[in-house]
Each structure stands twice: as C-alpha cells, then as structure tokens.
Amino acid sequence: MFVMIFPVLENIIMKEHAITYTYDRMKAIFILSFVICELTDQLLSVSLHRKRFLSTAILCIAFFSCFAGNFIHYKNNEDYIWRADYRQDNEKLAEYINKNYFDSILVVNYPVRGYINLLFERGIYEQKKIDSAISLANQKGKKYAIEVEVNGETDWNMYQLSGATIYNTVSGETQHITLSPALNSEDGIRLE
C-alpha cells in the first residue's frame, strides 16, 4: 500500500496536470484495486461455509461492474467520442499518402503525439520541415520526403491537416497535395 501511494502523490503535488489530463487521475486505480482485492480476500476468508456462493457472487458483480457498466457508460456518454468535422478529411489524406508514397519519411512541424502516428500507421518526425525530411530520406534510402501540413494547432494535438509537400529524392521534383473538402473530386485530394 505504501508503494502504491507514490503515483497518487504525484497527482496531489501536480494538481494542475492531474486536472488537465484525465488519464493522469487513473493512477488512483492501483490503490483502489488493491483495496477491493484485499476486502474480497477478507470476505472470503471469514465465511468458509459459504465460500462457493460468495465467490460466484463476487465474480458476477465484478463482471457486471467492469464490462457491462463500462460499455453502457461509454455508449451513453458523447464526451468519449471525438466528432471533429475534419477527422474524415485527415483519414483521406493519410490513406492517399500511404497508398501512393509509402516509401517515404514523414515529418510535421508540430509536436507529434499518438493521434497522427495512428492516422498514418507509422512513425513521424516532429517539429521538422521539408529540408530535414529530405536529409532524412537520403540517409535512410527512401524515395520520398513528405512534410505533412497542419491547418492551425488544435487542442490535444489532434490536428486538422491541410495537405503535404512531397519531394521525390530520385527525380528532385516537388509536389504539393492540398486537402480540400470543397473539391468536387471523389477523394478531396488535389495534386499541384
């Protein structure tokens, strides 16, 4: 119990961080789960005669609380679902780049967190421009150097992408992809 207090102490010391990031408060689950397991063990050891009944009842309660309760709460709470209007456009751009320029190095001139890596299904170098991408692509023997462009910074590092600059290291040509939902094209991608 003493060791498990330390993650929670960080939340107390750094209250602003714990309030801002909801996942930070999840550190309290270590102590809570320990207390629940200890109480369950005490309950089972006290009642030796009804141990089988209590074990089944505790298992059913745990199953309902953990799985059914969380699933119902998740489905009924709109706050868990990210409904940014540009999410589908970001997916179109990532799909187009992954399909046509997979042998590439990707960079973005912003901090990189999980969303953009998952979107492109690979690692992306953060806070770099196209010149750095060209150098990295040449070092790693990649055909394309791509700077993914962000249309302004948004909260939680979930960016609205606007396009990409693509440099072909073999031919030395530069292309620009623009992502525009207003375009009449089927995929909303325009190559310049």
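All values below come from the heavy atoms of this structure, side chains included, with hydrogens, waters and symmetry mates left out. All residue numbers in this chain count up from 1 along the given sequence.
- Side-chain contact between P111 and Q127: present, with at least one pair of heavy atoms (C-beta onward) separated by less than 4.5 Å.
- When all heavy atoms are compared, the tightest approach of I97 to A164 is CD1-CB, 3.9 Å.
- Side-chain contact between I177 and I166: present, with at least one pair of heavy atoms (C-beta onward) separated by less than 4.5 Å.
- Taking the ring axis of F102 as reference, the NZ or CZ atom of R122 stays within 45° of it and closer than 6.0 Å to the ring centre.
- Looking at L106 and Y125, their side chains never come closer than 4.5 Å, going by heavy atoms from C-beta outward.
- Y115 has its side chain within reach of N90: a pair of non-hydrogen atoms, C-beta onward, lies under 4.5 Å apart.
- Tracing side-chain contacts under 4.5 Å through hydrophobic residues (I, L, V, M, F, W, Y), one reaches I116 starting from Y110; they form part of the same cluster.
- Proximity of I36 to S33: side-chain heavy atoms (C-beta onward) are nowhere separated by under 4.5 Å.
- Within the 4.5 Å cutoff, the side chain of N109 has heavy atoms near those of the E147 side chain.
- In this structure, the side chains of L161 and V148 come closer than 4.5 Å at one or more pairs of heavy atoms.
- Considering every non-hydrogen atom in both T165 and H176, the closest pair reads OG1-ND1, 3.3 Å.
- Of all the heavy atoms in V107 and K129, the pair that sits closest is CG2-O, 3.7 Å.
- Looking only at distances, no side-chain donor or acceptor of S135 sits under 3.5 Å from a matching main-chain atom of S132.
- Closest approach of E126 and V112 over heavy atoms only: OE1-N, 2.8 Å.
- In terms of heavy-atom proximity, I124 sits nearest to N117 at N-ND2, 3.4 Å.
- Atoms NZ and CD1, on K128 and I105 in that order, are 11.0 Å from each other to the nearest 0.5 Å.
- Taking the side chain as every heavy atom from C-beta outward, D89 and Q160 never approach each other to under 4.5 Å.
- Using a distance-only test at 3.5 Å, with no hydrogens or angles considered, no donor-acceptor pair links the side chain of D41 to the main chain of C37.
- The two residues N98 and F120 have their closest heavy-atom pair at ND2-O, 3.1 Å.
- Connection of F64 to L59 is not established within any shared hydrophobic cluster, with ILVMFWY side chains joined at heavy-atom distances below 4.5 Å, either directly or through further cluster members.
- Under the 3.5 Å distance criterion, the side-chain polar atoms of T169 are matched with a main-chain donor or acceptor of K142.
- Cluster membership for I130 and L136, using ILVMFWY side-chain heavy atoms within less than 4.5 angstrom, is not shared.
- Of the charged side-chain nitrogens involved, at least one lies within less than 4.0 Å of a carboxylate oxygen, so that R87 and E91 count as a salt-bridged pair.
- Residues L93 and V108 share a single hydrophobic cluster, defined by chaining ILVMFWY side chains whose heavy atoms lie under 4.5 Å apart.
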